[in-house]
Amino acid sequence: MQKVQMSTSIPTRIIGPIHFQAMHGLKYQMQGLDIEVPLATFETTLFHSIARGAKLTRLVKTLQTVILSDLMTRSLLFEAPSAHKAHLFASSISASVVLFQEEVVSKQSRYAKLVRIDSKVVGSLVYLRMSYETGLASGHNMTTLASDAIASYIQKQYPEVVFLSVSGNYCVDKKVSAVNSIYGRGKSVVAEITIPRDLLYQTLKTTPEKIVELNIKKNLIGSIAAGSLLSANAHYANMLLAFYLATGQDAANIVEGSQGITTCEVKNDNLVFSVSLPSIIVGTIGHGKDTADSKKHLEILQATGPDGSEKLAHIAAAVVLCGELSLLAALTNQGELSQSHAKIERHKV
C-alpha cells in the first residue's frame, strides 16, 4: 500500500500586535517593536485571551523581554569500571570543552559550538550534559550528531569506559526536570510588564492586589501543594503550543517549555508582572520551517533575519505573558472564565 503524505488543519489566527518597549538579546537590543503573532490551536478561546493581554502591551508600552542564555543540550552516557574511575573520567571530560570543539564539533557542523559540559556521576555511570550554541536552528539533530562524534572520540581515548547512549536523559529532552529549570535548555527568557492600576481595571476588570494574591495562592502555593517541579504558573503550555505549531517547531518541547515561574508585585500603585521561561526551544531553520505556512508566519513575525531565532524566543515569552496575565485576571472574577468559554464556544457552534 502506497503511503500518502497528508496534513492536519488546525485553527489559526493572527493576534496583536504585541508592543515591545525593548527586546534585550545576548548580542543586540531592539526597541519599539509592534509584532503580530500567528497562533495555531484547537483551544480557540486562547485567541481572545491572548489578544486581551496583547492589547495591554499596546496601551502601557512597558513590555520588555530579556534572553539570559541560549544553549541546546544533549547528554552522553558512559559506564566506567568503578565509581572512582567514573569521577576521574567525568572531571577530565568536563575540562575538555575546547579540545572537543576544535577536534570534533567544528568538523561536524559549521553552526554548532560546544561551550559547556556538565557531568553527574551515579555509581560507575557518568552522565555528560553537552551544551551547544546552534545558530538559527533549535539544534536537536545538530547536537545529536556532534555529541555522537564526541562519543566516538572519547571511546578511542578512554577504551576502558563503555559508551551506553547518545542520550542519557540528562539533557533533558521533552521531559520535566530540575536540571532544565536550573541550567535552561534552548533559550532562557524573561518577559516583564508594568501596568498602571487604572488600565488594568479598564482592560481586565481586576486590581493589582487581586492578581498578586491569586498568583501567590494559586500558582505558588498551589503548585507546591501539587508537588510541581520548580514550576509555578497557570498555563504556559497553552500559549507555547499554539506558538510552536504556527511556526513549525517541535511541539513536544512544550514539556520542558511549560516549566516556568510567574511573579508579580504591586509597586508604586502599578502591577509589575513577569514570566520566566528557562527552556524555550525554537528555530527559524530546519525541519518544519520549510512549509508554506511556517514560512509565511515567520515573515509575519519579522523573524527571518540573522537574529530570527532569538527574536522568536522573545515573542514566545511575550505571548506566554499575555495569556498568563489574561487568565489570572479572569480567575479573579468568579464565573468569568466559564462564562467566556461557554459564550465563545457555543457561539462558534
Side-chain angles (χ1 to χ4, degrees), residues 41-43 45-46 48-50 52-53 56 68 120 122 169-195 200-201 204-244 251-267 270-281 316-342:
T41 178
F42 288 108
E43 190 173 350
T45 50
L46 278 178
H48 302 268
S49 182
I50 297 168
R52 291 206 310 166
L56 257 178
L68 308 177
K120 187 173 184 66
V122 180
N169 271 24
Y170 196 54
C171 316
V172 174
D173 187 33
K174 299 165 186 170
K175 290 170 282 291
V176 174
S177 69
V179 71
N180 282 349
S181 183
I182 294 169
Y183 287 139
R185 185 168 194 256
K187 296 166 175 62
S188 296
V189 192
V190 177
E192 181 182 68
I193 192 169
T194 300
I195 309 167
L200 182 66
Y201 186 78
L204 300 182
K205 300 299 184 287
T206 191
T207 67
E209 289 79 10
K210 286 183 178 180
I211 293 286
V212 170
E213 181 185 23
L214 184 63
N215 186 61
I216 292 171
K217 294 179 179 179
K218 168 186 163 58
N219 283 349
L220 303 183
I221 299 176
S223 295
I224 292 171
S228 295
L229 183 60
L230 297 178
S231 185
N233 66 76
H235 69 146
Y236 287 11
N238 267 333
M239 286 76 74
L240 284 178
L241 179 59
F243 186 77
Y244 282 9
N253 285 125
I254 66 165
V255 178
E256 61 260 59
S258 66
Q259 278 191 281
I261 299 173
T262 298
T263 58
C264 54
E265 63 178 321
V266 182
K267 185 180 292 185
N270 300 317
L271 174 68
V272 180
F273 188 91
S274 72
V275 296
S276 297
L277 299 104
S279 302
I280 292 181
I281 299 174
V319 169
V320 169
L321 182 144
C322 289
E324 184 81 351
L325 176 61
S326 180
L327 175 60
L328 287 177
L331 290 173
T332 64
N333 298 311
Q334 185 176 0
E336 182 179 326
L337 180 66
S338 57
Q339 290 168 15
S340 297
H341 271 263

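For clarity, every value in this text was computed on a predicted model and none was experimentally measured. Numbers here simply count residues along the sequence, with the first being 1.
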Please list, chain by chain and in numerical order, all residues satisfying side chain to side chain contact (heavy atoms under 4.5 Å, CB included) with N270, sequence neighbours excluded.
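So N270 forms a side chain to side chain contact (heavy atoms under 4.5 Å, CB included) with T194, P196, N268.
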Check: [X] side chain, [Y] main-chain N or O, donor-acceptor pair, under 3.5 Å:
X    : Y    : result
S223 : L220 : no
N219 : T262 : no
N233 : S258 : yes
S274 : E192 : no
E324 : V275 : no
K210 : P208 : no
R52  : S326 : yes
Y236 : I261 : yes
S231 : G260 : yes
Q259 : S177 : yes

Any side-chain heavy-atom pair from [X] and [Y] closer than 4.5 angstrom?
X    : Y    : answer
V255 : V176 : yes
T206 : Y201 : no
V212 : N215 : no
V319 : I50  : yes
D173 : R185 : yes
H235 : L46  : yes
L328 : L204 : no

What pair of heavy atoms forms the shortest contact from [X] to [Y], and how long is it?
X    : Y    : answer
S276 : V190 : OG-CG2, 3.6 Å
M239 : V320 : CE-O, 3.4 Å
V172 : E256 : O-OE2, 3.6 Å

If you look only at pairs with a residue in residues 216-227, which of them pass as a salt bridge (charged side-chain N to carboxylate O under 4.0 Å, His left out), with sequence neighbours excluded?
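As it turns out, the salt bridge (charged side-chain N to carboxylate O under 4.0 Å, His left out) pairs with a partner in residues 216-227, which skip direct neighbours, are E213-K217.
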